[in-house]
Amino acid sequence: GPQRFHTLSYTDAVAELQKAAASGASSFDFPAPAWGDDLAAEHERWLVDCLFGGHPVFVTDWPAGMKAFYMRENEDGRTVAAMDLLAPKVGELAGGSAREDRLDVLIARAAAAGLDLSSPASDLAWYADLRRFGGVPHAGFGVGFERLVQLATGVDNIRDAIPFPRYPGHADF
């Protein structure tokens, strides 16, 4: 049948990884993450390959402290409405989030990140003005180009999916 996409919250993903490590079902090179830690590539691969049988999985509701200030805070006050799409063999293929459309929450989250959105003299005042003068609920995402090429072509190493050599001093600016 067609390949299915699965959905798992970050909290549940961490619990599954901890359970697998504790039971000896998987021997990770890096320790299973605690809540609030980022997932290592091997953890992402385990979720896709072992937990979901090689099917893509969306990991949702990430801890607010590890994501950008502009991501919409969930009702629990601990997580944001963000997702990563994990794909077989490549790990994170895409990431996205709902954007914070509540001005007061946006300003508070930015301040917690050390950014000033409330002062008209701030370099980021324009961003707060987008919400102040009529912003609407919206979202955005990005896809990793080399990871998409890697997935589409089946090459094992991401270095083989890079369309041109990259090294220090090569790009003229």
Side-chain angles (χ1 to χ4, degrees), residues 1-115 131 135-152 154-158 161:
Q3 202 173 44
R4 296 182 43 136
F5 286 79
H6 298 276
T7 302
L8 183 72
S9 73
Y10 168 88
T11 300
D12 290 343
V14 167
E16 291 291 342
L17 290 162
Q18 289 175 348
K19 188 167 49 173
S23 70
S26 184
S27 56
F28 297 124
D29 291 334
F30 294 97
W35 198 91
D37 293 341
D38 206 355
L39 305 182
E42 68 175 333
H43 301 140
E44 295 172 346
R45 284 191 299 273
W46 184 88
L47 290 168
V48 171
D49 297 336
C50 299
L51 191 61
F52 291 106
H55 293 190
V57 59
F58 285 97
V59 178
T60 64
D61 301 317
W62 288 76
M66 63 188 308
K67 294 293 185 177
F69 74 92
Y70 55 77
M71 295 184 178
R72 184 174 175 88
E73 190 175 84
N74 289 330
E75 298 302 318
D76 63 13
R78 293 175 20 136
T79 61
V80 292
M83 69 81 195
D84 283 354
L85 172 59
L86 309 182
K89 296 188 179 183
V90 300
E92 183 186 341
L93 178 61
S97 71
R99 305 308 199 226
E100 187 57 72
D101 57 290
R102 300 165 294 186
L103 180 60
D104 57 334
V105 177
L106 179 69
I107 289 172
R109 290 226 12 181
L115 301 170
R131 306 307 188 274
V136 297
H138 64 288
F141 72 95
V143 176
F145 178 74
E146 285 90 356
R147 290 176 188 246
L148 182 60
V149 170
Q150 184 183 13
L151 179 67
V155 298
D156 290 327
N157 194 309
I158 198 165

Just wondering, are more than 12 heavy atoms of other shown residues or ligands nearer than 6.0 Å to [atom1] in [X]?
X	atom1	answer
Lys67	NZ	yes
Asn157	CG	yes
Phe145	CZ	no

If you define the side chain from C-beta out and look only at heavy atoms, does anything of [X] sit under 4.5 Å from [Y]?
X	Y	value
Tyr10	Thr60	no
Val57	Phe5	no
Leu93	Leu148	yes
His6	Phe52	yes
Gln18	Trp35	no
Trp62	Asp38	yes
Trp46	Leu51	yes
Asp29	Glu42	yes

Quiz item: With sequence neighbours excluded, what pairs up with Pro33 under the side chain to side chain contact (heavy atoms under 4.5 Å, CB included) test?
Solution: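 Pro33 satisfies side chain to side chain contact (heavy atoms under 4.5 Å, CB included) with Val14, Leu17, Asp37, Leu39, His43 only.
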Could you give the distance from [atom1] ([X]) to [atom2] ([Y]), rounded to the nearest 0.5 Å?
X	Y	atom1	atom2	answer
Thr79	Asn74	OG1	CG	3.5 Å
Arg102	Glu73	CZ	CD	6.5 Å
Leu85	Glu44	CG	CD	10.5 Å
Gln150	Asp156	CD	CG	8.0 Å
Met71	Met83	CE	CE	9.5 Å
Leu8	Phe58	CG	CZ	12.5 Å

Exercise. Using a strict cut-off of less than 4.0 Å between a Lys/Arg side-chain nitrogen and an Asp/Glu carboxylate oxygen, indicate whether Arg131 and Asp101 qualify as a salt bridge.
Key: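 Looking at Arg131 and Asp101, the cut-off is not met.
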Self-check item: Residues Glu16 and Lys19 bridged, charged N to O under 4.0 Å
Solution: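 A salt bridge is present here (some side-chain N lies under 4.0 Å from a carboxylate O).
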Self-check item: Under 3.5 Å: donor-acceptor pair, side chain of Arg109, backbone of Ile107
Solution: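 Not at all, since once roles are kept as given, no pair shorter than 3.5 Å links the two residues.
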Exercise. Return yes if some donor-acceptor pair links the side-chain N/O of Arg147 with the main-chain N/O of Glu92 below 3.5 Å, else return no.
Key: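 Present.
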Nearest heavy-atom pair of [X] and [Y]: which atoms, and what distance?
X	Y	value
Val59	Ala13	CG1-CB, 4.5 Å
Val143	Ala94	CG2-CB, 4.0 Å
Pro88	Leu151	O-CD1, 3.7 Å
Leu47	Leu86	CD1-CD1, 4.0 Å

